[in-house]
Trainee: 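Quick one: this structure, given as structure tokens, is what I'll be asking you about.
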2 protein chains.
Amino acid sequence: MASMLLSRQLTCCLQQNSRLLVFGHRYISQAAAKIDVDFDYDGPLMKTEVPGPRSRELMKKLNGIQNAEAVHFFCNYEESRGNYLVDVDGNRMLDLYSQISSIPIGYSHPSLIKLLQQPQNLSTFINRPALGILPPENFTEKLKESLLSVAPKGLSQVITMSCGSCSNENAFKTIFMWYRNKERGHNNVTKEELESCMINQPPGCPDYAMLSFMGAFHGRTLGCLATTHSKAIHKLDIPSLDWPIAPFPRLKYPLEDFVKENQQEEARCLEEVEDLIVKYRKKKKIVAGIIVEPIQSEGGDNHASDDFFRKLRDIARKHGCAFLVDEVQTGGGCTGKFWAHEHWGLDDPADVVTFSKKMMTGGFFHKEEFRPNAPYRIFNTWLGDPSKNLMLAEVIKVIKTEDLLNNATHAGKALLTGLLDLQARYPHLISRVRGRGTFCSFDTPNDATRNKLITIARNKGVVLGGCGDRSIRFRPTLIFKDHHAHLFLNIFSDILANFK
Amino acid sequence: MASMLLSRQLTCCLQQNSRLLVFGHRYISQAAAKIDVDFDYDGPLMKTEVPGPRSRELMKKLNGIQNAEAVHFFCNYEESRGNYLVDVDGNRMLDLYSQISSIPIGYSHPSLIKLLQQPQNLSTFINRPALGILPPENFTEKLKESLLSVAPKGLSQVITMSCGSCSNENAFKTIFMWYRNKERGHNNVTKEELESCMINQPPGCPDYAMLSFMGAFHGRTLGCLATTHSKAIHKLDIPSLDWPIAPFPRLKYPLEDFVKENQQEEARCLEEVEDLIVKYRKKKKIVAGIIVEPIQSEGGDNHASDDFFRKLRDIARKHGCAFLVDEVQTGGGCTGKFWAHEHWGLDDPADVVTFSKKMMTGGFFHKEEFRPNAPYRIFNTWLGDPSKNLMLAEVIKVIKTEDLLNNATHAGKALLTGLLDLQARYPHLISRVRGRGTFCSFDTPNDATRNKLITIARNKGVVLGGCGDRSIRFRPTLIFKDHHAHLFLNIFSDILANFK
């Protein structure tokens, strides 16, 4: 993250190398470019270094009113289309990061433009209701057309929220209430509970915990942050909670060469999960739930086997803990299934599944058993935004009509195959190539090399994102096709060949 | 809150009294109705009891996918205009609650419709960026036109968030980082801090606290919830933090009759604030900041004098704590100033001011001194939503052009004067009438009477909201005029006269 600062410094250095930058797109391979999505561009087109002069001017202005050092460049979203992001200096880049994985079907999709142009939809955008008390007439219908039409098996209930952190925070609360009701049985809430909760004390505020994994990212509000362990910059100086943190498997690649080692590594982590649950219960801190990402994204695209997750689900059940799967980044179809955890083949579904980003609205699905037993327990003013639900219904229609889950599998295979080929050719630069669908990544030797590669790629017309301490992650939209993969691979192959 | 359930039960009882309900709007006084906002309706129009048959049908459907017991009724937002909310059964009600105080300039405002119809704005609604890394070209400009044009004096910095809870959570984090940097001086972050923060332990995660007030409401995510103490239903079963909670003054009304008692009450509370800061520091828990609402809203519309807040600000400074004013509900102009705390006449501005609701986007202003010292420390994927900033710029233009702050003062005076008159006539039903601008409220004898009054009013065409355990709060839009106040007062006077 702080790496992006470095990226900009690198960009400055690169400016001195005018061959690389100033002559438009002459270094960009157009070999694989092809238009099959009618609103997509046919390839990158570079006019300046990135950030260019106009971006730099705007960054300076923004920096006057907030710390703008994380800004990569300023964008012209009106001109951005499909897989291509256009910046304010007229540079057009193939976007494989898609706003930290949050653009589902590309920029300026014709279906969404049409939706916005329909007069009957106007009201949804300008009259934002308090959904929990005064929902619009089509609220349930839009939830059924959108979120519930893709609900993970066994999860019939859904609640919307405004962002990913709020989704996880409210999922935690749902789990804590469920756990306490289980403990309480059919007994009524006591006067002592009602009084003590008002001053943050037990028994009203019980000493419950969520178990999380080292390397996880579940958001940045205080509850979420207590389960986030990906980078120090997220957590430094913020008070936290003593909640258990288990190791997440660190798999060796290529997987087929390390079957036994990886099995042992996963077994070690699972054992530690059980030990922590027992250990924390001994000190009267009850693990009410376990939260896990199907692929640790921000933490470095760390994968584990389907078997690992099935066993983790079993451990949760065995110890009476809720099993919460955070699909904020993995959800929405990019792994080839709508939810990444559908690859696991669980017998017993996850208890709670959170989402945001590509789903355009935050929120979570849960089993009926986890339903709050009274109104206003899971509540806030907005509870999401019906204008996002409206757009999501359209997005999901496009995903189904255009068979975009199979596309993610297909295009992901093209990307992964190409990356494996590059890994074979440039093993000193690329290692641990991994992925599911288009949700791919690889490691570089170190932070500096990673950031340099990202900067060079950007100046050659490809937007990439980093994760972990040395990985590059691919988070294209769902309309990323095989030919986009080939286009990227050609460009990146040139970069690697010339990398010094 | 759980009171709304009761409201519905009451509605069922009321159904039996057909005189009250089935003959349309014959019991609604039209005396004061007048159109001076061209898109506003000219009065309530009731066709069924509320919730009506269509609302009940939709509530049942929604309840299949989530707990829908908090729903009052379903709305037809397309038909809702100005100060009037139309439900799915064709009932048109004067809305004095405005979606829990979150609709700034009324439903379907022509300026916002026009904004949505401009083709150049389409992109802002369908291409939602990750604002912290890839902002749109007009990002700074829209922030200047909107939020910064009404920034509290002395607060030059602004960061947007998606909702009120995220705003307070990130304000806390900003304060914790500021405090730690102050303690750290010019020393670098230690390796021990970087390592310990990853596992939620000090010194990386220091034992810092926010001091809050009993009766406060600052949101429902775990950090915010540790400072919220308004109702048990918000907090029950959720683990919390041992942070200090001071008493908030409980003023006696009418204020002019209890000058000395109220001064003593405020002095007692302020003394307790100082005692708590010292007491918590002794046990190594540092109070890094104090959070307070200018008027405790959810907790029962509890006011304190301007002098109380000036002294609180002084205490914060004296003890080196940040002073955070939560204007999520009070902000946006309804008290007659853009920010309620501007009434206090502080010498030294608040350090941080949070907002959401009527501002359409969440976020916070802060002094330059509180600026994060590195990128990505205050960060998330969306960091608000530029489509909300675009609408807010338009809303603020309307507020200025139509002089809506002075309108809030004027219409608020009409409302408060009328309430005081009703209090004089019905002292057994109405007490402690209080308010600033249109941000008015009164107490009823008990929860049951309050809820009954709200239900009767709704069936006579007026939407009211409750707060605290027995209060009714007024939260109209900023286009609520004197004649709306008179219309309400006529209707409510009839209700009180006939109340049994």
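Every chain is numbered from 1, with letters handed out A, B, ... down the list of sequences. Computed from heavy atoms alone, side chains included, the values below leave out hydrogens, waters and symmetry copies.
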Trainee: Can you tell which part of B:Thr381 gets under 4.5 Å to a heavy atom of chain A, answering side chain, backbone, both or neither?
Mentor: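 It is both, since atoms from each part get that close.
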
Trainee: Side chain, backbone, both or neither: which part of B:Met391 has an atom under 4.5 Å from a heavy atom of chain A?
Mentor: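 Contact with chain A is through the side chain of B:Met391 alone.
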
Trainee: With a 4.5 angstrom heavy-atom cut-off, is it the side chain or the backbone of A:Ile175 that approaches chain B, or both, or neither?
Mentor: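 Looking at A:Ile175, nothing touches chain B.
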
Trainee: Between the side chains of A:Arg377 and B:Asp237, is the shortest nitrogen-to-carboxylate-oxygen separation below 4.0 Å, so that they form an ion pair?
Mentor: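 A salt bridge is present here (some side-chain N lies under 4.0 Å from a carboxylate O).
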
Trainee: For A:Ser123, which atoms come within 4.5 Å of any heavy atom of chain B: side chain, backbone, both, or neither?
Mentor: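 Only the side chain of A:Ser123 comes within 4.5 Å of chain B.
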
Trainee: Salt bridge or not for B:Arg54 and A:Glu137, using N-O below 4.0 Å?
Mentor: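 The answer is yes: the pair qualifies as a salt bridge.
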
Trainee: For A:Ser230, is it the side chain, the backbone, both or neither that has a heavy atom under 4.5 Å from a heavy atom of chain B?
Mentor: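 Backbone only.
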
Trainee: Check whether B:Ile245 gets within reach of chain A through its side chain, its backbone, both or neither, counting any heavy atom under 4.5 Å.
Mentor: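 The side chain, not the backbone.
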
Trainee: Is it the case that the side chain of B:Asn67 and the backbone of A:Pro372 share a donor-acceptor pair, with hydrogens and angles ignored and the cut-off at 3.5 Å?
Mentor: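 Looks like yes, one N/O pair under 3.5 Å.
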
Trainee: With only heavy atoms counted, which part of A:Gln201 is less than 4.5 Å from chain B, the side chain, the backbone, both or neither?
Mentor: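 For A:Gln201, the contact with chain B is made by the side chain alone.
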
Trainee: Measure B:Asp87 against the heavy atoms of chain A and call it side chain, backbone, both or neither at under 4.5 Å.
Mentor: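 Answer is neither: B:Asp87 stays 4.5 Å or more from chain A.
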
Trainee: Non-hydrogen atoms of chain B under 4.5 Å away: do they reach the side chain of A:Leu85, the backbone, both or neither?
Mentor: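 Side chain only.
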
Trainee: Which region of A:Asn373, side chain (C-beta onward) or backbone (N, CA, C, O), has a non-hydrogen atom less than 4.5 Å from a non-hydrogen atom of chain B, or is it both or neither?
Mentor: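 A:Asn373 touches chain B through backbone heavy atoms alone.
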
Trainee: For B:Asn63 and A:Arg371, does a side-chain donor sit closer than 3.5 Å to a side-chain acceptor?
Mentor: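 Looking only at side-chain atoms, A:Arg371 and B:Asn63 do form a donor-acceptor pair, the distance falling under 3.5 Å.
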
Trainee: What part of B:Asn121 is in contact with chain A, defined as an atom under 4.5 angstrom from a non-hydrogen atom: side chain, backbone, both or neither?
Mentor: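 Neither; nothing under 4.5 Å.
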
Trainee: Between A:Met161 and chain B, with a heavy-atom cut-off of 4.5 Å, which part of the residue counts as in contact: side chain, backbone, both or neither?
Mentor: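 It is neither, since no heavy atom gets under 4.5 Å.
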
Trainee: Of the backbone (N, CA, C, O) and the side chain (C-beta and beyond), which part of A:Val189 lies under 4.5 Å from a heavy atom of chain B, both, or neither?
Mentor: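 Looking at A:Val189, just its side chain touches chain B.
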
Trainee: Pick one of side chain, backbone, both or neither for B:Ser212, based on which atoms fall under 4.5 Å of a heavy atom in chain A.
Mentor: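 For B:Ser212, there is no contact with chain A at all, as no heavy atom is under 4.5 Å.
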
Trainee: Tell me, side chain or backbone of B:Leu115 under 4.5 Å from chain A's heavy atoms, or both, or neither?
Mentor: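 Neither part.
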
Trainee: Given heavy-atom pairs under 4.5 angstrom as the criterion, report whether the side chain, backbone, both or neither of B:Glu195 touches chain A.
Mentor: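 Neither the backbone nor the side chain of B:Glu195 comes within 4.5 Å of chain A.
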
Trainee: Taking the six-membered ring where the residue is Trp, are the ring centres of A:Phe139 and B:Phe74 under 6.0 Å apart?
Mentor: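 Ring-ring flag for A:Phe139/B:Phe74: false, centres at least 6.0 Å apart.
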
Trainee: Run B:Leu122 and A:Glu78 through side-chain contact (heavy atoms from CB on, under 4.5 Å) and show every step you take.
Mentor: CA-CA 8 Å; B:Leu122 260 173; A:Glu78 292 75 17; over 6 Å; no

Trainee: What part of A:Lys357 gets closer than 4.5 Å to chain B, counting heavy atoms only: side chain, backbone, both or neither?
Mentor: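 Contact with chain B: backbone and side chain both.
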
Trainee: In terms of heavy-atom proximity below 4.5 Å to chain B, should A:Leu194 be classed as side chain, backbone, both, or neither?
Mentor: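 Both parts, backbone and side chain.
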
Trainee: What part of A:Asp95 gets within 4.5 angstrom of chain B, counting heavy atoms only: side chain, backbone, both, or neither?
Mentor: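 Neither part, no heavy atoms under 4.5 Å.
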
